[in-house]
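Since the structure comes first, as structure tokens, the remarks are kept for the end.
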2 protein chains.
Amino acid sequence: MDLDERKLKILQAIIRNYLETGEPVGSRTISKYTDLNLSSATIRNEMADLEELGYIIQPHTSAGRIPSDKGYRLYVDQMMLEKEEQLSQATQEVKDMQKLLLEREDKMEAILKQVAKMLAVNTNYATMISAPQVKGNRLKFLQISKLDETQLLVTVVIEGNVIKNHMISVNELLDDEAIWKLNLLLNTNLNGLRIEEINLAMIAKLKQQAGVYENIITAILDTISEALQNDDDIEIYTSGTNNIFKYPELADQQRASELITTFEEKQLLNELVQETLTEENSTGIQVYIGNETPIQTMKDCSVVTATYELEEGVKGTIGIIGPRRMDYDKVISTLKTLKSQLDTLYKKD
Amino acid sequence: MDLDERKLKILQAIIRNYLETGEPVGSRTISKYTDLNLSSATIRNEMADLEELGYIIQPHTSAGRIPSDKGYRLYVDQMMLEKEEQLSQATQEVKDMQKLLLEREDKMEAILKQVAKMLAVNTNYATMISAPQVKGNRLKFLQISKLDETQLLVTVVIEGNVIKNHMISVNELLDDEAIWKLNLLLNTNLNGLRIEEINLAMIAKLKQQAGVYENIITAILDTISEALQNDDDIEIYTSGTNNIFKYPELADQQRASELITTFEEKQLLNELVQETLTEENSTGIQVYIGNETPIQTMKDCSVVTATYELEEGVKGTIGIIGPRRMDYDKVISTLKTLKSQLDTLYKKD
DNA sequence: TGTTAGCACTCATTCAACAAGAGTGCTAAC
DNA sequence: GTTAGCACTCTTGTTGAATGAGTGCTAACA
């Protein structure tokens with residue numbers, strides 16, 4: 001048995017209706033809702049077929065039907081195809097975002113937080129955004145400065161302009177010349193290298209050349225290695241987690257508590273980010289419906305993600321998390337526009 | 001009518017019992033619970049008095065009594081007096097924390113997050129911790145470095161060793177000597193100054209001396225001013241917000257949603273931090289019971305805060321947020337120990 | 001005068017029974 | 001192939017009674 005035109009229309013009608021109300025939808029509703037002019041009995045027959053095919057589910061014998069994950073999937077896939085053309089019309093909301101982004105170009109963290117918040121307010125779903133993650137991880141710049149008699153400041157810049165600072169306490173006195181020499185030594189030897197390329201031999205060589213400052217070199221190298229391998233704790237900002245309470249299917253204590261924890265701990269979200277970044281996709285938009293999501297605690301949710309790219313290899317992920325019956329249309333088009341805006345905005349830098 | 005010995009004992013018994021169970025406690029329970037050897041009828045008479053005095057409340061006619069804010073307050077105040085001596089015995093839990101703090105002295109942010117998490121796990125309440133806030137706000141160190149042909153890195157260190165970085169795009173080419181001169185110019189003129197002390201006259205003078213690099217000076221000064229006046233967005237880390245679901249009196253959707261939002265937005269928590277930092281107190285521990293808290297959304301909670309001090313004027317706040325019937329004894333002693341540990345740990349730096 | 005036993009009373013909670021209503025599946029007729 | 005009609009199922013909401021915890025009050029007692 002295959003999906004003919006009519007079954008498709010009925011399925012769409014069921015889903016649309018369910019997205020609005022969140023209640024199981026019955027045959028009589030559909031009979032009036034669509035322009036098919038069919039009686040409820042006919043709809044019932046078709047619905048029985050749709051259920052057999054796995055597109056809809058009956059929560060209990062005498063209830064209407066709700067879409068299954070498979071049903072949502074079909075709906076979303078089809079929507080993605082149809083809506084392709086009218087993407088470019090930016091909504092007022094997104095224009096607001098862009099304005100905000102342009103105004104505060106200075107502070108990445110503040111921008112990302114604002115974007116997350118704005119998305120949450122506009123969509124009424126929970127949102128997350130990950131700070132752009134650098135792939136290359138080459139050392140770009142290194143500088144040691146004397147803060148005062150006992151403390152050195154080490155500034156490390158890695159590819160993608162991620163800046164790390166670290167303070168080192170020293171015992172011996174260092175004069176300006178010693179520091180200048182250290183800077184020269186380290187920069188000439190290490191610049192442009194990846195973490196794997198800084199091996200024991202090189203370290204030994206550096207220490208030897210540093211002479212009496214050997215132990216300082218150790219401390220500095222620790223700083224560098226930490227800066228270069230910080231892929232385990234990327235920043236992720238969330239907003240609107242309280243929105244889950246707006247959807248009864250997510251708001252019971254068990255589920256809510258789990259979701260809140262997931263958002264707070266962030267480390268599970270990180271897995272989601274990694275997943276989206278690897279699984280490349282022509283549109284850059286991914287939709288996970290119910291059990292499709294890589295995060296167990298979100299199995300009753302749908303997750304829509306967009307990856308944005310600031311420059312070659314510097315990518316981040318935006319995610320919107322809501323109930324299965326989220327407004328996919330709005331969410332996807334919002335994310336598409338935002339994504340393209342972020343892409344261009346930063347690329348012109 | 002005053003509180004005699006017996007009334008006090010009964011009040012304590014009511015509170016202790018309520019802290020455990022969360023259920024209104026009746027006269028018969030108290031009659032058995034205490035070593036007073038009084039019949040339930042007598043207890044009832046005393047409870048009627050206690051209610052008239054405002055220490056306990058009857059949720060409805062045929063229920064037991066629960067403590068009022070006034071009752072809790074009396075209980076806590078008395079506990080604080082009695083427990084003074086046995087503070088120093090650090091629990092295993094707190095020793096774990098200290099170990100963790102010592103191991104990872106390098107990363108403030110990671111430490112604070114860990115402390116918050118550990119506290120949350122150990123107490124089963126929601127926790128927050130604010131990064132230490134610098135009062136002085138003097139410029140300690142300033143450095144401009146050339147990242148590449150088009151970008152300068154400005155590193156600003158302010159009193160209390162807070163480090164800020166900023167990148168500036170430049171059009172004209174700068175050689176090493178020019179940068180060296182800029183560094184010298186800025187450091188000699190600005191070091192040790194507060195933001196109010198960098199006035200228009202000084203800026204004009206700097207610009208004049210900078211000659212062709214006038215516009216770079218402007219950008220750098222912007223960075224400095226931003227770094228110096230960042231008191232509006234201190235970092236606050238939270239953990240264990242999902243713990244509120246463990247207490248039915250906080251777990252209904254309305255309240256939970258509000259609390260979650262408060263924890264997520266953080267800006268209300270900031271007010272709490274400011275409040276605790278100003279309202280000085282000999283012990284450094286503050287207890288807000290129910291409506292006493294400065295944050296409206298927490299009127300059904302109790303909040304216990306401790307201020308810690310890393311060095312002169314560099315202070316932060318730790319807060320534990322739970323239901324009115326929180327285990328004040330445990331929470332206060334844990335915070336006291338943690339506070340003293342933090343105080344000494346960093347002071348020796 | 002303080003303490004206690006006893007009793008009537010109140011109120012929240014639980015449970016079963018019941019009615020209402022929504023929706024289905026099936027059959028027979030069109 | 002479509003539809004009307006009907007019996008049937010299952011959820012939801014309501015009602016009312018039983019239960020039980022706990023109180024306030026009175027009268028007796030030490």
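Chain letters run A, B, ... following the sequence lines, proteins first, then strands; residues in each count from 1. Keep in mind the model is a prediction, meaning the values are calculated, not measured. Excluded from the calculations below are hydrogen atoms, water molecules and symmetry mates; all remaining heavy atoms, backbone and side chain alike, are included.
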**Asked** Salt bridge or not for B/R255 and B/E249, using N-O below 4.0 Å?
**Response** no

Sorted by chain and residue number, the salt bridge (charged side-chain N to carboxylate O under 4.0 Å, His left out) partners of B/R44 (sequence neighbours excluded) come out as none

Atom CG of A/L50 and atom P of C/dG25 are separated, to the nearest Å, by 12 Å

In whole angstroms, the gap separating P of C/dG25 from CG of A/D49 amounts to 10 Å

A/R28 CZ to D/dT3 C1', in whole Å, measures 14 Å

Discussion item. Contact between B/I30 and B/I14 at the side-chain level, heavy atoms closer than 4.5 Å - yes or no?
Written reply: yes

Here the distance between atom P of D/dG1 and atom CG of A/L36, to the nearest Å, is 17 Å

Pairing partner of C/dC30, by Watson-Crick or G-U wobble and under 3.5 Å for both distances, is D/dG1

Exercise for review: Using a strict 4.0 Å threshold on nitrogen-to-oxygen distance, state whether B/D77 and B/R73 make a salt bridge.
Suggested key: yes

Checking N1-N3 plus N6-O4 or O6-N4 for Watson-Crick, or N1-O2 and O6-N3 for wobble, each under 3.5 Å, the partner of D/dC25 is C/dG6

Between CZ of A/R65 and P of D/dC10 the distance, given in whole Å, is 14 Å

Atom CG of B/D4 and atom P of C/dT1 are separated, to the nearest Å, by 17 Å

Review item, nucleotides 3-9 of chain C N/O atoms under 3.5 Å of protein N/O:
residue: C/dT3; atom: OP1; partner: B/R6; partner atom: NH1; Å: 2.7
residue: C/dT3; atom: OP2; partner: B/R6; partner atom: NH1; Å: 3.4
residue: C/dT3; atom: OP2; partner: B/R6; partner atom: NH2; Å: 3.0
residue: C/dT4; atom: OP2; partner: B/S39; partner atom: N; Å: 3.2
residue: C/dT4; atom: OP2; partner: B/T42; partner atom: OG1; Å: 2.6
residue: C/dG6; atom: O6; partner: B/R44; partner atom: NH2; Å: 3.2

**Prompt:** Can a donor-acceptor pair under 3.5 Å be found between the side-chain atoms of A/T61 and the base atoms of D/dC10?
**Reply:** no

Does either side chain, that of B/T276 or that of B/T317, offer a donor lying less than 3.5 Å from an acceptor on the other one? yes

**Prompt:** Has A/S27 got a side-chain N or O lying under 4.0 Å from the OP1 or OP2 atom of C/dT24?
**Reply:** yes

When A/K7, A/R65, A/K70 are each screened for salt bridge (Lys or Arg N to Asp or Glu O under 4.0 Å) with A/E51, the one that passes is A/R65

A/E23 atom CD is separated from C/dG21 atom P, nearest whole Å, by 17 Å

A/I43 atom CD1 is separated from C/dC26 atom P, nearest whole Å, by 17 Å

### Query
For B/S27, does its backbone N or O pair with a side-chain atom of B/S31 as donor and acceptor, under 3.5 Å?
no

